[in-house]
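Below: one structure in structure tokens.
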Amino acid sequence: GEDVEQSLFLSVREGDSSVINCTYTDSSSTYLYWYKQEPGAGLQLLTYIFSNMDMKQDQRLTVLLNKKDKHLSLRIADTQTGDSAIYFCAEIPVKGSYIPTFGRGTSLIVHP
Amino acid sequence: EAQVTQNPRYLITVTGKKLTVTCSQNMNHEYMSWYRQDPGLGLRQIYYSMNVEVTDKGDVPEGYKVSRKEKRNFPLILESPSPNQTSLYFCASSLRGRRDEQYFGPGTRLTVT
């Protein structure tokens with residue numbers, strides 16, 4: 001089956017940039033998503049990218065995709081304490097299974 | 001307000017006692033799904049539904065049932081819960097399908113003793 005891997009923890013200082021990394025194994029066209037989960041809440045979609053794109057920017061968020069290495073990253077500029085949460089990478093193939101594959105989540109801790 | 005609601009939010013039960021977790025969305029979404037979240041495992045899809053009366057298995061359907069008799073509701077049924085079903089459960093919906101933004105409910109924390 002498909003696999004999505006993420007590092008489990010990231011700690012940054014307020015005001016610095018955060019980079020959360022993800023690798024995936026699906027070799028077909030796929031959609032790749034970043035979700036944010038705050039304590040006690042469900043997941044909130046932050047942004048997504050299609051596998052034929054290289055980059056997508058949305059305010060403080062930048063998604064970079066290296067198709068060759070199947071590596072996806074989420075960069076948060078000027079990280080704030082409110083960005084502390086768990087971030088999930090997920091991929092959904094364009095064809096075939098409707099089942100998304102989520103990574104295990106990266107806990108981002110932002111300290112003053 | 002557009003939202004996905006789940007009930008109950010917290011439930012402690014005993015092995016073998018049938019239970020239902022309700023999920024309702026008010027956005028007229030066609031696609032609904034159930035996930036479980038376990039520490040270190042991320043989210044795994046249990047079942048999904050593309051529309052009324054259309055359901056299909058996700059990654060981990062064993063021990064669960066679902067039904068989709070109305071567009072807005074998608075209950076998750078545990079006929080005979082076991083301790084390995086202790087988990088945090090999320091319901092989600094999206095307008096048409098997997099590529100659309102999924103809206104998640106607040107979660108139901110289930111403990112089976």
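The sequence lines fix the lettering, A, B, ..., with proteins before strands; numbering per chain opens at 1.
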Counting N and O atoms only, with roles assigned by atom type, does the side chain of E91(A) sit under 3.5 Å from a partner on the main chain of Y24(A), one being a donor and the other an acceptor? no
Please flag which part of F50(A) lies under 4.5 Å from any non-hydrogen atom of chain B: side chain, backbone, both or neither. neither
Q37(B) versus chain A, the contacting section by heavy-atom distance below 4.5 Å: side chain
On a heavy-atom basis, which atom in M32(B) and which in C91(B) lie closest, and how many Å separate them? CE-SG, 4.0 Å
Chain A heavy atoms under 4.5 Å from R44(B): which part of the residue, side chain, backbone, both or neither? neither
Are the side chain of Q6(A) and the backbone of G105(A) linked by a donor-acceptor contact shorter than 3.5 Å? yes
Check: T23(A) and D69(A) side chains under 4.5 Å, non-hydrogen atoms: no
Side chain, backbone, both or neither: which part of Y103(B) has a non-hydrogen atom closer than 4.5 Å to chain A? neither
